[in-house]
Amino acid sequence: MAMVGLFWIAEGDVYVGAKPSGLAPGVRLTPEGVMALGDGQAALHLWEDVRALTVADVPVKSLMRQVGVVKDLAVDTVMNLALSLHPGRADEAPPMMTVRVESSGGEHELAAYVAAAVGYSATEVDLSRALLSRLTEGAATMATTLAAMSQWGRSQASGTPRGAERERLLREWAG
């Protein structure tokens, strides 16, 4: 499993945001279409009907966000040591982002958990949005792009690559 931009690639499966488990919301990109997963949003939007695919509410990595995450971790650690009954923030869900699917049936807003703890780099967000746009350019483009992402995921054994490699992959996939 690896994160590249806004995408979570687990073997051959490509998700926007984190890969969901159980009834958690998520969005999977399949050769057939955009699959909404989770309680209350299960649906399949076929590529032939999808006109646009965008993402909103994406947390962009910043120094303040990184400091906030470290501060929250430190406070939780101290509280957990001081009060063994304190539940901590470990049970809190990560932030959500909105995946908008514009199709012949209207606009659909799907929820997906953010996979990056401190947010995504601005460059990766821009490249990911370009890649999502590319997926709606036609069946051949979508099929080859998703196939390349899936193939990379199946061959990836070492986890999430470094930032420069993630950006290179996103540029390659976005054409």
Side-chain angles (χ1 to χ4, degrees), residues 1-61 65 91-156 160-161 166-175:
M1 294 189 292
M3 184 180 66
V4 179
L6 301 181
F7 305 97
W8 188 262
I9 304 171
E11 297 175 4
D13 297 333
V14 178
Y15 299 88
V16 179
K19 178 182 177 181
S21 64
L23 297 176
V27 177
R28 182 175 168 210
L29 305 177
T30 72
E32 294 78 30
V34 179
M35 185 179 291
L37 304 167
D39 193 29
Q41 72 172 21
L44 176 64
H45 304 282
L46 300 175
W47 285 116
E48 59 207 37
D49 297 330
V50 175
R51 294 186 197 137
L53 190 56
T54 59
V55 181
D57 309 318
V58 178
V60 177
K61 187 184 300 184
R65 183 178 297 280
D91 295 337
E92 286 185 18
M96 301 283 273
M97 54 187 174
T98 304
V99 180
R100 290 192 178 101
V101 180
E102 184 183 320
S103 70
S104 55
E107 187 172 293
H108 311 276
E109 290 192 352
L110 311 175
Y113 284 116
V114 170
V118 294
Y120 303 93
S121 76
T123 302
E124 285 186 82
V125 171
D126 292 342
L127 290 168
S128 295
R129 286 180 170 150
L131 179 52
L132 287 168
S133 178
R134 179 167 173 73
L135 291 171
T136 64
E137 290 177 359
T141 301
M142 178 279 303
T144 56
T145 302
L146 266 183
M149 294 171 80
S150 294
Q151 177 58 37
W152 179 84
R154 282 189 290 278
S155 67
Q156 182 65 13
T160 299
R166 292 192 308 266
E167 290 177 16
R168 185 195 67 74
L169 285 165
L170 289 167
R171 282 186 179 90
E172 178 182 314
W173 295 333

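By convention here, the first residue in the shown sequence is residue 1. This structure is a prediction, so every number in the text was calculated from the model and none was measured.
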K.L.:
Kindly give the heavy-atom pair with the smallest separation between Ala2 and Pro161, and that separation in Å.
P.N.:
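For Ala2 versus Pro161, the nearest heavy atoms are CB-CD, 4.3 Å.
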
K.L.:
Look only at the side chain of Gln41 and the backbone of Ala111, and say whether a donor-acceptor pair between them is shorter than 3.5 Å.
P.N.:
yes

K.L.:
When rounded to the nearest 0.5 angstrom, what distance separates CG in Leu110 from OG1 in Thr98?
P.N.:
9.0 Å

K.L.:
Is it true that Asp13 and Lys19 make a salt bridge, defined as a side-chain N closer than 4.0 Å to a carboxylate O?
P.N.:
no

K.L.:
Check the pair Trp173, Val4 against side-chain contact (heavy atoms from CB on, under 4.5 Å), reporting the backbone distance first and the verdict last.
P.N.:
CA-CA 11 Å; Trp173 295 333; Val4 179; 3.7 Å; yes

K.L.:
Applying side-chain contact (heavy atoms from CB on, under 4.5 Å) to Val58 and Val114, what does each step give before you reach the verdict?
P.N.:
CA-CA 8 Å; Val58 178; Val114 170; over 6 Å; no

K.L.:
Quick one: closest heavy-atom pair of Ala112 and Val99, and the distance?
P.N.:
CB-CG2, 4.4 Å

K.L.:
Starting at CD of Glu167, measure out to CG of Asp126 and round the result to the nearest 0.5 Å.
P.N.:
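Answer rounded to 0.5 Å: 10.0 Å.
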
K.L.:
So with a 6.0 Å cut-off around CD of Glu11, is the heavy-atom count from everything else above 12?
P.N.:
no

K.L.:
For a side-chain contact (heavy atoms from CB on, under 4.5 Å) check, start with the C-alpha distance between Ile9 and Gln156, then their side-chain angles and the critical distance, and finish with the verdict.
P.N.:
CA-CA 9 Å; Ile9 304 171; Gln156 182 65 13; over 6 Å; no

K.L.:
For the atom pair CZ (Phe7) and CG (Leu170), what is the distance rounded to the nearest 0.5 Å?
P.N.:
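Those atoms lie 7.0 Å apart.
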
K.L.:
When rounded to the nearest 0.5 angstrom, what is the spacing between CD in Glu48 and CD in Glu32?
P.N.:
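Going from CD on Glu48 over to CD on Glu32, the span is 10.5 Å.
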
K.L.:
On a heavy-atom basis, which atom in Ser103 and which in Arg51 lie closest, and how many Å separate them?
P.N.:
O-NH1, 3.7 Å

K.L.:
Between CG of Leu127 and CG of Leu132, what distance do you get to the nearest 0.5 Å?
P.N.:
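Going from CG on Leu127 over to CG on Leu132, the span is 11.0 Å.
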
K.L.:
Without swapping roles, check the side chain of Trp47 against the backbone of Thr30 for a donor-acceptor pair under 3.5 Å.
P.N.:
yes

K.L.:
Verify, without hydrogens or angle tests, whether Ser150 (side chain) and Gly12 (backbone) share a donor-acceptor contact under 3.5 angstrom.
P.N.:
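Yes, because the side chain of Ser150 sits within donor-acceptor range (under 3.5 Å) of the backbone of Gly12.
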
K.L.:
Test your reading of the model: is there a side-chain donor-acceptor pair from Glu109 to the backbone of Val101, 3.5 Å cut-off?
P.N.:
no

K.L.:
Please report the shortest heavy-atom distance between Tyr113 and Pro94, naming the atom on each side.
P.N.:
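Closest approach of Tyr113 to Pro94: CD2-O, 3.3 Å.
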
K.L.:
How far does NE2 of His108 sit from NE2 of His45, to the nearest 0.5 angstrom?
P.N.:
5.0 Å

K.L.:
Where do Met142 and Leu135 come nearest, in terms of heavy atoms and distance?
P.N.:
CB-O, 3.3 Å

K.L.:
Under the side-chain contact (heavy atoms from CB on, under 4.5 Å) criterion, do Val34 and Leu44 qualify, and how do the steps go?
P.N.:
CA-CA 6 Å; Val34 179; Leu44 176 64; over 6 Å; no

K.L.:
State whether the side chain of Ser133 and the backbone N or O of Arg129 hold a donor-acceptor pair below 3.5 Å, judged by distance alone.
P.N.:
no

K.L.:
Is there a donor-acceptor contact under 3.5 Å from the side chain of Thr160 to the main chain of Met3?
P.N.:
yes

K.L.:
For Ala10 versus Met1, what's the shortest heavy-atom pair and its separation?
P.N.:
CB-CG, 3.6 Å

K.L.:
Looking at Glu124 and Tyr120, would you say the former's side chain and the latter's main chain have a donor-acceptor pair under 3.5 Å?
P.N.:
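Looks like no, no N/O pair under 3.5 Å.
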
